[in-house]
Amino acid sequence: MRHISKPIRKKDAMSLVTGKPVYTQDLSPKDALVVKLLRSPHAHAVITEIDTEKAAAVPGIECVLTYREVAGERFTLAGQTYPEPSPYDRLILDQRVRFVGDPVAIVAGTTSAAVDEALKLISVKYEVLEPILDLRKAKDNPVVIHPEDNWRSLRPVGADNKRNLCASASDQHGDIDAVLAACDYVVEQTYHTKANNQTMMETFRTFTYKDAFGRLTCVSSTQIPFHVRRILSNALGIPKSQIRVIKPRIGGGFGAKQTAVSEIYPAIVTMKTGKPALIVYSRQESHIAGSPRHEMELTVKVGATKDGIIRGIDLHTLSNTGAYGEHGPTTVGLSGHKSIPLYGKTDAFKFSFDVVYTNVMSAGAYRGYGAPQGIFAVESAVNELAVKMNMDPVKLRELNMVKEGQKMYAYYGEQLNSCALDRCMAKAKEMIKWDEKYPAKDLGNGKVRSVGVAMAMQGSGISKVDTAAVSLKVNDDGFYTMGIGASDMGTGCDTILAQIAADCLDCSVDDIVVHGVDTDSSPYDKGSYASSTAYVTGMATVKTCEVLVEKIKKAGASKLKCDADKVDFDGTKVYNVETNESISLKDIGNAEMDGNRNSLYATESFSSQTSPPPFMVGMAEVEIDKETGKVDLIDYVGVVDCGTVINSNITRIQAEGGIAQGIGMALYEDIIYSDKGQLYNNSFMQYKIPTRLDVGTIRVDFESSYEPTGPFGAKSIGEVVINTPSPAIAGAVLNGVGVCIRELPITAEKVYNAMQELK
């Protein structure tokens with residue numbers, strides 16, 4: 001292979017590092033109307049009066065919209081394949097507001113100053129209602145967050161708006177109660193993870209305009225261009241054929257932009273005024289009205305025999321979807337289906353969940369998509385079980401980890417075709433010198449150093465759901481144009497897909513020009529999420545290349561006046577294998593362009609019946625101050641099995657970045673609401689994310705398996721890497737000072753207070 005597993009430079013690298021105008025706001029029309037939103041100060045209220053007359057009279061104001069001026073059909077903002085599991089519970093603007101920050105009015109004007117002035121002049125009177133802020137009190141509460149009769153759920157996910165339920169279900173294999181009752185050791189604990197903000201550098205932003213044919217064009221920083229088209233169609237009540245969505249470069253998403261957070265507001269302004277419109281969320285807006293990770297409370301019961309075999313796992317997840325359903329019904333599934341299957345010797349498992357509405361900001365997608373919460377809980381419970389059994393937690397995992405060839409009942413019954421989890425564990429153990437450092441060493445100065453471990457798995461796309469397509473065309477002079485519908489958001493997927501194509505076509509990566517997403521011209525792709533691009537779109541690339549090569553050989557054979565089965569293609573020429581007579585790809589391309597009788601073009605799609613999981617082992621070394629409870633991360637080792645590594649540079653950076661985000665979730669990032677539903681952590685002054693100085697040393701290595709269903713044996717990398725830091729760091733604290741912190745983030749106060757309770 002010429003390009004696979006090589007450190008190929010990203011195709012957009014030079015444009016980005018030289019500051020070229022490639023992002024959404026850079027490209028917006030200079031005369032675009034400025035769009036801003038008036039937001040609710042109440043967590044739960046009904047608008048009884050709203051007066052916009054003074055606001056509309058401000059010079060430069062073009063448009064002031066309230067719930068009275070916009071469509072009344074409900075929809076969802078979740079970027080998911082149709083029919084969405086998410087309930088249709090949103091309006092563009094609603095008379096009922098459901099969280100502090102819910103939009104009340106849309107104002108558009110020629111200048112930012114004019115819009116700011118108009119926002120101040122809108123008079124609103126509310127009937128303030130009792131909010132539900134605690135996820136534990138939401139189900140079957142007398143206060144109903146979505147009492148409307150036109151609320152609807154398109155799929156049977158156990159949703160019931162009159163019970164504040166967004167989803168509810170249970171999955172079981174074997175008699176879990178009997179299995180746990182027969183175990184020698186059982187741990188049962190409840191763990192709590194807070195919401196987390198993705199804090200991508202580029203906040204939510206979109207501009208819209210009408211083209212020469214009167215069609216709505218939406219240019220947005222989004223992971224889901226084709227889903228945005230459908231969402232806008234549903235919200236605005238216009239056909240999808242009248243909507244075009246273009247995705248420029250994305251300045252980070254991490255799942256936040258799998259929800260259509262900003263697109264509707266400039267779109268409705270353009271529809272009402274006929275003028276271009278631009279909305280740019282402030283950092284505060286992105287914090288209070290974005291699409292953060294779901295808060296979850298997870299109760300785990302895990303049992304083992306005295307010889308260390310884990311026989312049963314019972315997990316119940318209570319998930320907080322916030323004010324709207326969005327990704328609630330789907331994220332919760334990963335909390336169980338990506339944690340329980342890590343243990344391959346269980347006789348039984350049970351996974352149940354409830355997803356509830358509350359009066360806080362609506363939750364969405366964030367890297368890991370529910371798996372970090374479930375893995376924190378299950379892996380922490382296994383670490384507690386190891387302590388109870390007086391067993392090394394690495395040894396406990398070595399005895400029980402899932403192995404290649406096994407059927408994973410808790411992972412939709414899939415057969416595991418590729419798995420190097422055992423080698424990942426061995427490599428991580430060696431890298432961090434586990435045997436020398438476990439469980440802890442007292443430094444003699446009031447501090448202790450200790451180590452902790454965790455395992456993780458994820459998926460590669462959504463099996464039987466996700467689909468992707470790729471188009472490839474041979475141009476004059478023999479270079480290729482590649483069209484994709486996947487959204488590169490800094491992940492390097494444009495480069496990775498070009499590498500796959502280059503090895504299939506036996507050419508240079510520079511010979512392949514990759515076009516970004518335009519729903520008018522790009523082949524369909526469900527979007528960049530669920531760790532799907534390298535696997536799903538990568539396989540679509542392989543299929544397309546195979547078809548195109550056959551067309552190239554047929555065209556070459558025609559020029560050589562021989563049968564197609566007599567020729568082969570070496571990337572630069574088609575040659576007769578018997579006579580060695582040849583014609584170059586450049587000449588074939590030029591001839592095809594001249595005649596255009598048989599264009600050398602191919603497009604193929606791919607959808608997988610399976611979602612082969614990547615695996616990871618993470619080990620953390622921390623230093624704990626026994627007087628204050630402060631935890632400092634010293635060293636973090638991550639060893640990943642993502643199948644064949646496509647691009648060694650990009651893959652390593654993905655792993656390091658994901659681990660850093662996981663460290664933020666474990667130690668720093670916190671969400672706190674007032675008793676009236678106001679989010680206190682609404683800026684980087686209050687919402688702490690780790691700097692490079694806070695994450696210690698991050699070391700990454702790979703133990704590759706070979707996935708037979710993936711392109712060149714590849715699986716995914718993007719999400720699995722965020723999952724291990726929380727349980728590994730919590731495990732290190734447990735091994736160091738004997739306390740288990742079951743609520744994230746792990747702060748000095750929590751550690752100190754827990755240590756005091758031991759005395």
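The analysis underlying the following values was restricted to heavy atoms, covering all of them including side chains, and did not include hydrogens, waters or symmetry mates.
For Asp494, the salt bridge (Lys or Arg N to Asp or Glu O under 4.0 Å) partners at least two apart in sequence or on another chain are Arg249.
Atom CZ of Arg136 sits in a crowded spot, with more than 12 heavy atoms from other residues, nucleotides or ligands closer than 6.0 Å.
Checked by atom type, the side-chain pair Thr495/Asn647 shows no donor-acceptor distance below 3.5 Å. Glu295 and His192 share a donor-acceptor pair across their side chains, judged by distance under 3.5 Å alone. At a cut-off of 3.5 Å, with distance as the only test, a side-chain donor of Ser362 or Glu326 sits close to an acceptor on the other residue. With 3.5 Å as the limit, one finds a donor-acceptor pair spanning the side chains of Thr206 and Ser262. In the model, Thr330 has a side-chain atom that pairs as donor or acceptor with a side-chain atom of Gln80 under 3.5 Å. In this model, no donor atom of one side chain and acceptor atom of the other lie less than 3.5 Å apart for Ser380 and Gln189. No side-chain donor-acceptor contact under 3.5 Å links Tyr529 and His327. No side-chain donor from either of Tyr369 and Ser531 sits under 3.5 Å from a side-chain acceptor of the other. Side-chain contact of Ser463 with Tyr412: a donor-acceptor pair under 3.5 Å is absent, judged by distance alone. If you check the side chains of Thr724 and Tyr636, you find a donor sitting under 3.5 Å from an acceptor.
Remark: Tyr366 OH to Met200 CE distance equals 10.0 Å, nearest 0.5 Å.
Annotation: side chain of Ser487 is not in contact with side chain of Thr222 (no heavy-atom distance under 4.5 Å). Residues Gln458 and Asn723 form a side-chain contact, since some pair of their non-hydrogen atoms from C-beta on lies under 4.5 Å apart. Contact annotation: the side chain of Ile671 approaches that of Leu679 to within less than 4.5 Å [non-hydrogen atoms, C-beta and beyond]. Side-chain contact check for Leu744 versus Lys194: every heavy-atom pair is 4.5 Å or farther apart. Under the 4.5 Å side-chain criterion, counting only non-hydrogen atoms from C-beta, Leu421 is in contact with Val402. Inter-residue side-chain proximity for Phe702 and Ile717 is flagged as met; some heavy-atom pair is nearer than 4.5 Å.
For the residue pair Ser611 and Ser460, the shortest heavy atom distance occurs at OG-N, 2.8 Å. Across all non-hydrogen atoms, the minimal contact from Asp466 to Ser532 is OD2-CB, 3.9 Å.
Glu384 and Arg742 are joined by a salt bridge, as a carboxylate oxygen and a charged side-chain nitrogen come within less than 4.0 angstrom of each other. Salt-bridge annotation for Glu719 and Arg367: absent, with no side-chain N of the basic residue lying under 4.0 Å from a carboxylate O of the acidic one. Remark: Lys257 engages Glu202 in a salt bridge, criterion side-chain N to carboxylate O under 4.0 Å. In summary, Arg397 and Glu379 engage in a salt bridge, as defined by a charged side-chain N under 4.0 Å from a carboxylate O.
For the salt bridge (charged side-chain N to carboxylate O under 4.0 Å, His left out) condition, the pairs that include at least one residue of residues 634-658, sequence neighbours left out, are Asp635-Arg699, Asp641-Lys715.
Aromatic ring pairs are classed by plane angle as parallel below 30°, tilted from 30° to 60° and perpendicular above 60°; the pair Phe351 and His337 is perpendicular.
None of Met361, Gln198, Gln258 except one satisfies the side-chain contact (heavy atoms from CB on, under 4.5 Å) rule with Ser291; the exception is Gln198.
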